[in-house]
Colleague: 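Mind looking over this structure? Questions follow.
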Amino acid sequence: MDADSDVALDILITNVVCVFRTRCHLNLRKIALEGINVIYKREVGKVLMKLRKPRITATIWSSGKIICTGATSEEEAKFGARRLARSLQKLGFLVKFTEFKVVNVLAVCNMPFEIRLPEFTKKNRPNASYEPELHPAVCYRIKTLRTTLQIFSTGSITVTGPNVKSVATAVEQIYPFVFESRKEIL
């Protein structure tokens, strides 16, 4: 087994966060009274609306900005956002689906080996930080991809990035480094 050989790693996307605008003012009280699966948070000035299919939770502000969380792919996020815009149209608002953007993707990947975190941190010092008293994982940042990886000793890696492509590229880039610091199986 060497770092150059092709190893198939499953990257499981657990959350996709997206933002879009409606280009109209939204009456939160009307959404709260007439909408379905709605929680009105008046003290904060927002409404939470949940969709069942796809399973998405949307935070709606009166300005018309909407943040959707909970999707498991970029396509599902866009589909859910469009469904949400359609449900607001049915409530009588003049909604135009604009400025859609995926802002964050959270994924998990498991390496087929365990990792020696202190050794990994020493070898990758400027990008990696490890504070075992504060958090059990190494925080590894790739500035060019705008991604952050949380690397655990068990071989589990949590990746946060701006889109699915950068998350996949980050896992490809980190694999040779974690392979060097893997725990040998006796």
Side-chain angles (χ1 to χ4, degrees), residues 10-109 127 129 131 134-152 156-171 173-174:
D10 288 335
I11 301 171
L12 179 69
I13 297 168
T14 55
N15 189 19
V16 176
V17 180
C18 66
V19 175
F20 73 96
R21 294 196 175 273
T22 60
R23 289 174 83 192
C24 71
H25 181 79
L26 300 172
N27 183 346
L28 299 182
R29 190 168 187 278
K30 182 177 180 180
I31 296 170
L33 292 172
E34 298 175 20
I36 301 166
N37 292 334
V38 174
I39 301 167
Y40 186 22
K41 304 245 180 174
R42 205 168 87 199
E43 63 279 353
V44 189
K46 67 181 181 182
V47 168
L48 298 176
M49 185 182 265
K50 295 186 178 195
L51 295 178
R52 289 195 185 127
K53 202 169 188 180
R55 189 178 293 264
I56 284 176
T57 302
T59 306
I60 304 169
W61 279 275
S62 62
S63 65
K65 183 177 181 180
I66 299 175
I67 298 176
C68 300
T69 60
T72 55
S73 71
E74 289 182 356
E75 296 80 25
E76 188 178 286
K78 186 161 190 173
F79 176 69
R82 291 189 73 86
R83 267 200 69 204
L84 201 84
R86 179 68 65 208
S87 67
L88 290 173
Q89 282 177 345
K90 287 179 181 175
L91 291 174
F93 297 104
L94 300 171
V95 172
K96 289 190 175 81
F97 184 79
T98 59
E99 297 178 43
F100 175 82
K101 183 181 176 190
V102 173
V103 290
N104 195 336
V105 175
L106 181 74
V108 178
C109 180
N127 298 326
S129 68
E131 298 291 333
L134 301 176
H135 188 58
V138 171
C139 182
Y140 187 90
R141 284 185 168 66
I142 303 174
K143 287 191 171 75
T144 55
L145 295 173
R146 294 180 18 235
T147 57
T148 303
L149 296 93
Q150 298 286 326
I151 303 165
F152 295 87
S156 178
I157 298 177
T158 305
V159 190
T160 309
N163 54 37
V164 174
K165 188 179 178 188
S166 68
V167 165
T169 308
V171 172
Q173 284 185 10
I174 201 71

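For reference, positions follow the sequence shown, starting with 1.
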Colleague: Might you point out which heavy atoms bring Val108 and Ser156 nearest each other, and give the distance in Å?
Modeller: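 It is CG1-OG, 4.1 Å.
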Colleague: For the pair Gln89 (side chain) and Val95 (backbone), establish whether a donor and an acceptor sit closer than 3.5 Å, ignoring hydrogens and angles.
Modeller: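 Yes, Gln89 side chain to Val95 backbone: donor-acceptor pair under 3.5 Å.
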Colleague: Would you find a donor on one side and an acceptor on the other, under 3.5 Å apart, between the side chain of Asn37 and the backbone of Met49?
Modeller: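 Side chain of Asn37 to backbone of Met49, a donor-acceptor pair under 3.5 Å: no, none is there.
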Colleague: Report the C-alpha separation of Ile142 and Gln173 in whole Å, then their side-chain angles, then the decisive distance to 0.1 Å, and conclude whether the side chain to side chain contact (heavy atoms under 4.5 Å, CB included) test is met.
Modeller: CA-CA 9 Å; Ile142 303 174; Gln173 284 185 10; 3.7 Å; yes
Colleague: What's the shortest heavy-atom distance between Gly70 and Asn15, and which atoms?
Modeller: N-OD1, 2.7 Å
Colleague: Has the side chain of Thr147 got a donor or acceptor atom that lies under 3.5 Å from a matching backbone atom of Gly161?
Modeller: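 Judged by distance alone, no pair lies under 3.5 Å.
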Colleague: Taking all atoms of both residues into account, what is the closest heavy-atom pair of Ala32 and Val38, and its distance?
Modeller: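 Between these two residues, the closest heavy atoms are CA-CG1, 3.7 Å.
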Colleague: Quick check on Leu33: does its CG atom have over 12 non-hydrogen neighbours (other residues, nucleotides or ligands) under 6.0 Å away?
Modeller: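 Yes, CG of Leu33 has more than 12 neighbouring heavy atoms, counting only those of other groups under 6.0 Å.
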Colleague: Rounded to the nearest 0.5 Å, what separation is found between the CG atom of Asn163 and the SG atom of Cys18?
Modeller: 13.5 Å
Colleague: Is it the case that over 12 heavy atoms from other parts of the model lie below 6.0 angstrom from the CG atom of Leu134?
Modeller: yes
Colleague: Please tell me if the side chains of Val47 and Trp61 come closer than 4.5 Å, counting only heavy atoms from C-beta onward.
Modeller: no
Colleague: Applying side chain to side chain contact (heavy atoms under 4.5 Å, CB included), run through Thr158 and Leu106 and close with a yes or a no.
Modeller: CA-CA 7 Å; Thr158 305; Leu106 181 74; 3.7 Å; yes
Colleague: Could you tell me the separation between the NZ atom of Lys101 and the CZ atom of Arg21, rounded to the nearest 0.5 Å?
Modeller: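 Nearest 0.5 Å value for the NZ-CZ distance: 11.5 Å.
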Colleague: Kindly indicate whether the side chain of Phe97, heavy atoms from C-beta on, has any atom under 4.5 Å from the side chain of Arg82.
Modeller: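 Counting from C-beta outward, Phe97 and Arg82 do come under 4.5 Å.
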Colleague: Using the rule given for side chain to side chain contact (heavy atoms under 4.5 Å, CB included), can you reason through Val171 versus Val159, listing the C-alpha separation, both sets of side-chain angles and the distance that settles it, and then say yes or no?
Modeller: CA-CA 8 Å; Val171 172; Val159 190; 3.8 Å; yes
Colleague: Using a 4.5 Å cut-off on heavy atoms from C-beta on, say whether the side chain of Lys78 contacts that of Phe100.
Modeller: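 Phe100 reaches Lys78 side chain to side chain.
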Colleague: To the nearest 0.5 Å, how far apart are CZ in Arg146 and CZ in Arg141?
Modeller: 13.5 Å
Colleague: State the CD1-OG1 distance between Ile67 and Thr59, to the nearest 0.5 angstrom.
Modeller: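 With rounding to 0.5 Å, CD1 (Ile67) is 6.0 Å from OG1 (Thr59).
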Colleague: Given side chain to side chain contact (heavy atoms under 4.5 Å, CB included), test His25 with Ser62 step by step and report yes or no.
Modeller: CA-CA 6 Å; His25 181 79; Ser62 62; 3.7 Å; yes
Colleague: Any idea which heavy atoms bring Cys139 and Thr148 closest together, and the distance?
Modeller: SG-CG2, 3.7 Å
Colleague: Could you give the distance from CG (Leu149) to CG (Asn127), rounded to the nearest 0.5 Å?
Modeller: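 That separation rounds to 10.5 Å.
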Colleague: So do Arg86 and Leu88 actually touch side chain to side chain, heavy atoms under 4.5 Å?
Modeller: no
Colleague: Which pair of heavy atoms, one from Ile11 and one from Ala107, lies closest together, and at what distance?
Modeller: CG2-CB, 3.8 Å
Colleague: Could you check if a side-chain atom of Val102 sits within less than 4.5 angstrom of a side-chain atom of Pro162, using non-hydrogen atoms only?
Modeller: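 In short, these two side chains do not touch, never coming nearer than 4.5 Å.
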Colleague: Could you tell me whether Lys46 atom NZ has more than 12 heavy atoms of other residues or ligands within 6.0 Å of it?
Modeller: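 Buried by this count: over 12 neighbours within 6.0 Å.
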Colleague: For the atom pair CG (Asn104) and OG1 (Thr69), what is the distance rounded to the nearest 0.5 Å?
Modeller: 10.5 Å
Colleague: Is it true that a side-chain atom of Glu74 and a backbone atom of Val164 form a donor plus acceptor pair closer than 3.5 Å?
Modeller: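 Confirmed, Glu74 side chain pairs with Val164 backbone.
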Colleague: Counting C-beta onward and ignoring hydrogens, is there a side-chain heavy-atom pair between Val16 and Glu76 closer than 4.5 Å?
Modeller: no
Colleague: Does Lys30 qualify as a cation-pi partner of Phe93, given the criterion of NZ or CZ under 6.0 Å from the six-membered ring centre and within 45 degrees of its axis?
Modeller: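 Output yes; distance and angle both within limits.
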Colleague: Is the shortest side-chain heavy-atom distance between Phe79 and Glu75 below 4.5 Å?
Modeller: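 When only atoms from C-beta onward are counted, Glu75 and Phe79 do not touch, as no gap falls below 4.5 Å.
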Colleague: Hey, what's the ring geometry for His135 with Phe152, parallel, tilted or perpendicular (30° and 60° as the breaks)?
Modeller: perpendicular
Colleague: Taking the side chain as every heavy atom from C-beta outward, state whether Ile157 and Gln150 have any pair of such atoms under 4.5 Å apart.
Modeller: no
